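Working notes, beginning with the structure itself.
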Protein chains: 2
Amino acid sequence: MNTRKAGRQGRGKSDLKSKLAAQIANHIQERPLSAGTHMSAQILADQMGTSRSPIHAAFLILAEMGVLRHETNRGFFVTEAAHEARLSEQLPSRDHLSDAYFAVADQLLDGDLPSTMSEVAFRDRFGLTQVEARSLLSQIQKEGWIERRPGYGWEFNEMLRTPDALAQTYRMRQALEPAALLEPGFSISAETLDRLAATERDFLNGEIETASAEKLYQRGVTFHETLMQASGNRYMLDALRRVNQIRRLIVYRSMVDRKRYYKQSQEHLEIIQLVRRGAMNEAAVFMRHHLSNVMLNHEEIAPLLHGAGNG
Amino acid sequence: MNTRKAGRQGRGKSDLKSKLAAQIANHIQERPLSAGTHMSAQILADQMGTSRSPIHAAFLILAEMGVLRHETNRGFFVTEAAHEARLSEQLPSRDHLSDAYFAVADQLLDGDLPSTMSEVAFRDRFGLTQVEARSLLSQIQKEGWIERRPGYGWEFNEMLRTPDALAQTYRMRQALEPAALLEPGFSISAETLDRLAATERDFLNGEIETASAEKLYQRGVTFHETLMQASGNRYMLDALRRVNQIRRLIVYRSMVDRKRYYKQSQEHLEIIQLVRRGAMNEAAVFMRHHLSNVMLNHEEIAPLLHGAGNG
DNA sequence: AATTGCATTTTTAAAATTAAAAAAGCTAAT
DNA sequence: ATTAGCTTTTTTAATTTTAAAAATGCAATT
């Protein structure tokens, strides 16, 4: 008797095949691969670090969408339509669980959630099964903004509740990111620097006005995390990633003025120049300055400051 | 037919009552509460943030151990024996799961583990049930030193595999901890500073030679995390806690020379003095210096350096 | 009036079961 | 010789069931 959950199609699982389908579609458009190109399941599987099964399933999805064409006993081939279609729109973007995830963050930031809740309260409020609730709570716990109470129930900590949460994240980054540039193991390839610079130039040449909010945010994160990764210090990278993950929840709610991104991109380019020259001390100083600028350009933060900066 | 798992006593669960029993016993000895003192279940429950049920269960454990005496319809009372007994030894210290947790870290640091493993491989190697393996892997993932692979299986990242992991943690702390002292919201009570200072003096007056390795490590962590907490910056605190959690796995393996702790304690006292005077800039500079000293006193780290420090 | 002791209800965790997804293997076609 | 297509096996996730632990409620006792 499956009357209860008939709406939820199939089982959820991690849904690797959809992710792979998106990646492959992206791969075809980025290269780009010309129509008629043969797609080898084995090669893709090796590249992605999986087996042929999920790749094959992804091929079927893409064939359904018209991106690939299937020929019996010969495999899958790129179609002419592959480059026209707005693929990203057809592929599932956000699932049930991540909707709930953002809903939790939103309600918490709006002050609509009690500071402690039981698991059943969660399930009821966000329409989740027991397993889904546990998985969501566990993710949030991993990110650090909820904690288990002794006995039953969960409690949101100050991380997202404090009014100057965003300023705190910037001050933490001001401590970490310049230090990362001075790490003894710091090393970055010219190609990586070129790639970063190219992205910034694309933004300056118009994308700032046209790109999605998601993409604008992601570009900043990528720039800073790439430099952090180059430091070779895994702990610093981990800390930055965590803080960016949470910062996203706060920033999304108020991303409006696109003008400030011009200055950001220019400063990013300047940092890239300094790093390329190997002027790491100057790069570190400038990075600190840059983060300070970015912070002060948040209209949420500026009013909180009373003249006394610490840089 | 429960023939299979007869060995595992009862269900595991989080075992709140044992933790509470340990806390209550500790509470009695720390205060100390004199023999005959009545223990109110309700008051303790409120203090601990739980209900009377687990407190009552903890009382029963302590009565069994002779720490408390039960009188019908009157409740539980502290016994004379409460202060003699070496309670901590009688209470369960490490459970099945945390044994496995340390075993994983140990084998990984020894290079005895493959970099990728399936969940069943875990279960087999460490003698875990499916649920236990998932919970353990999830904890390790939370700490950041293992990651899920696409498809099946898990992969250890560089965090614990890199030879200079320990040095990386110190350099991260050198960036964060001085900055924490300069946070605008930094605030710490005189009592807290007194408590920290008292602990350091106890150590200088003999405990360095007598205390357990666990306690020695814990003292350092408490000192640094207390100051970090005083900064009011939740993100910095979170990052420090994470790094300390992992540092523990590395440090435990090589804690031998107790002499270096004398210098550490003296430096801790000096930092406390500076903070008490409100000389935060000096405190920050000295903190950086202190961390550098501590790092260089690790015999694992010194040989890795080739003269070029960055501070 | 407050607190214990006990019964009841609620909440969560574990175990067992079931099913889906991914990996691996094998045969036939190119 | 390599790759596709299919089958089998392995691995993991979801579901269901069961039971333990914690919270709550209330009468009895101090």
Side-chain angles (χ1 to χ4, degrees), chain A residues 1-2 4-5 8-20 38-45 48-60 70-77 117-124 128-135 137 148-154, chain B residues 1-2 4-5 8-20 38-45 48-60 70-77 117-124 128-135 137 148-154:
Chain A
M1 206 90 62
N2 55 358
R4 268 203 308 168
K5 283 277 163 51
R8 208 183 304 292
Q9 49 124 14
R11 303 281 187 100
K13 275 229 154 172
S14 57
D15 199 19
L16 181 56
K17 64 171 186 283
S18 301
K19 275 187 214 138
L20 288 173
H38 177 229
M39 303 294 290
S40 159
Q42 187 62 61
I43 289 172
L44 275 170
M48 309 287 193
T50 67
S51 68
R52 290 178 352 193
S53 295
I55 298 284
H56 184 77
F59 281 174
L60 291 177
H70 180 225
E71 294 182 20
T72 312
N73 281 333
R74 299 194 60 234
F76 291 81
F77 299 84
M117 291 181 85
S118 79
E119 229 169 272
V120 259
F122 252 88
R123 297 180 46 176
D124 290 352
L128 304 168
T129 68
Q130 188 189 24
V131 179
E132 286 173 334
R134 287 176 54 97
S135 135
L137 286 165
R148 215 170 248 298
R149 297 184 31 132
Y152 296 146
W154 297 80
Chain B
M1 207 90 59
N2 54 359
R4 269 203 307 169
K5 282 277 162 49
R8 206 183 303 292
Q9 49 122 14
R11 306 281 187 101
K13 276 228 151 173
S14 58
D15 201 19
L16 180 56
K17 63 170 188 283
S18 301
K19 273 187 215 141
L20 288 173
H38 177 228
M39 304 292 290
S40 159
Q42 186 61 61
I43 289 171
L44 275 170
M48 308 286 193
T50 68
S51 69
R52 289 181 316 150
S53 295
I55 298 284
H56 184 76
F59 281 173
L60 290 178
H70 179 225
E71 292 182 21
T72 312
N73 282 332
R74 297 194 60 234
F76 291 82
F77 300 84
M117 291 181 84
S118 77
E119 229 170 272
V120 259
F122 252 88
R123 297 180 45 176
D124 290 352
L128 304 168
T129 68
Q130 188 190 23
V131 178
E132 286 172 334
R134 286 175 57 95
S135 136
L137 286 165
R148 214 172 248 297
R149 297 184 30 134
Y152 297 147
W154 296 80

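These figures come from a predicted structure and were not determined experimentally. Letters A, B, ... mirror the listed sequences (proteins, then strands); counts begin at 1.
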Tell me whether the rings of B/F76 and B/H56 are parallel (<30°), tilted (30 to 60°) or perpendicular (>60°). perpendicular

Nearest nucleotide by nearest heavy atom, which residue falls closer to the 5' end of DNA chain D, A/R149 or A/F76? A/F76

Does a side-chain N or O of B/H38 approach OP1 or OP2 of C/dT4 to a distance below 4.0 Å, or not? yes

Quantify the bending of the helix from C/dA1-D/dT30 to C/dT30-D/dA1 as the angle between its end axes, each fitted on five pairs, to 10°. 40°

Does OP1 or OP2 of D/dA23 have a side-chain N or O of B/H56 closer than 4.0 Å? no

Round to the nearest Å and state the distance from A/Q42 atom CD to C/dC26 atom C1'. 14 Å

Would you call A/M117 and A/W154 a side-chain contact if the rule is heavy atoms closer than 4.5 Å? no

B/F59 and B/L44, any side-chain heavy atoms less than 4.5 Å apart: yes

For a 4.5 angstrom cut-off between non-hydrogen side-chain atoms, does A/E132 reach A/T129? yes

Return the value, rounded to whole Å, for the distance between atom CG of A/L60 and atom P of C/dA21. 13 Å

Phosphate oxygens OP1/OP2 of C/dA22: is one of them under 4.0 Å from a side-chain N or O of B/R148? no

Write down the protein N/O and nucleotide N/O pairs, taken from nucleotides 28-30 of chain C, whose separation is under 3.5 Å; answer none if there are no such pairs.
| from | atom 1 | to | atom 2 | distance (Å) |
| --- | --- | --- | --- | --- |
| C/dA29 | O3' | A/N73 | ND2 | 3.4 |

Expressed as a whole number of angstroms, how long is the span from A/E71:CD to D/dA4:P? 12 Å

Nearest to the B/R134 side chain among C/dT12, D/dA13, D/dA23, which nucleotide is it? D/dA13

Round to a whole Å and report the spacing from CD1 of B/I55 to P of C/dG5. 14 Å

Touch class at under 4.0 angstrom, heavy-atom based, for B/A57 against every strand present: nothing

Starting from the 5' end of DNA chain C, give me the residue, A/W154 or A/G49, whose nearest nucleotide shows up first. A/W154

So, for B/A45 and B/R52, which heavy atoms are closest and what is the spacing to 0.1 Å? CB-N, 3.9 Å

Using every non-hydrogen atom in the two residues, find where A/S40 and A/I43 come nearest and quote the distance to one decimal. OG-N, 3.2 Å

Is A/V131 touching bases, backbone alone, or none of the nucleic acid, heavy atoms closer than 4.0 Å? base

Is a donor-acceptor pair below 3.5 Å formed from side chain B/S53 to base D/dA23, judging by atom type as modelled? yes

Over all atoms of both residues, closest heavy-atom pair of B/T50 and A/P150: CG2-CB, 3.6 Å

Over all atoms of both residues, closest heavy-atom pair of A/K17 and A/A57: CD-CB, 3.5 Å

With distance as the sole test, does A/H38 use its side chain to make a donor-acceptor pair with the main-chain N or O of A/R74 at under 3.5 Å? yes

Nearest-Å distance for atom pair CG/C1', residues B/L137 and D/dT11: 13 Å

In whole angstroms, how far is the C1' atom of D/dA22 from the CE atom of B/M48? 15 Å

Taking the side chain as every heavy atom from C-beta outward, state whether A/M39 and A/F77 have any pair of such atoms under 4.5 Å apart. no

Indicate the atoms forming the closest heavy-atom contact of B/L20 with B/P54, along with that distance. CD1-CB, 3.6 Å

CG of B/L60 to CD1 of B/I55, rounded to nearest 0.5 Å, is 11.5 Å

Return yes if some donor-acceptor pair links the side-chain N/O of B/R149 with the main-chain N/O of A/G49 below 3.5 Å, else return no. yes

Short heteroatom pairs, N/O only, protein and nucleotides 25-28 of chain D, under 3.5 Å:
| from | atom 1 | to | atom 2 | distance (Å) |
| --- | --- | --- | --- | --- |
| D/dG25 | O6 | B/R52 | NH2 | 2.6 |

For B/M117, report the nucleic acid contact type (base, sugar-phosphate, nothing); a contact means any heavy atom under 4.0 Å. nothing

Just how far, in rounded Å, is C1' of C/dA2 from CE of B/M39? 17 Å

If you find the nucleotide of DNA chain C closest to B/I43 and the one closest to A/R123, which residue's nucleotide is nearer the 5' end? B/I43

A/Q130 CD to C/dT12 C1', in whole Å, measures 7 Å

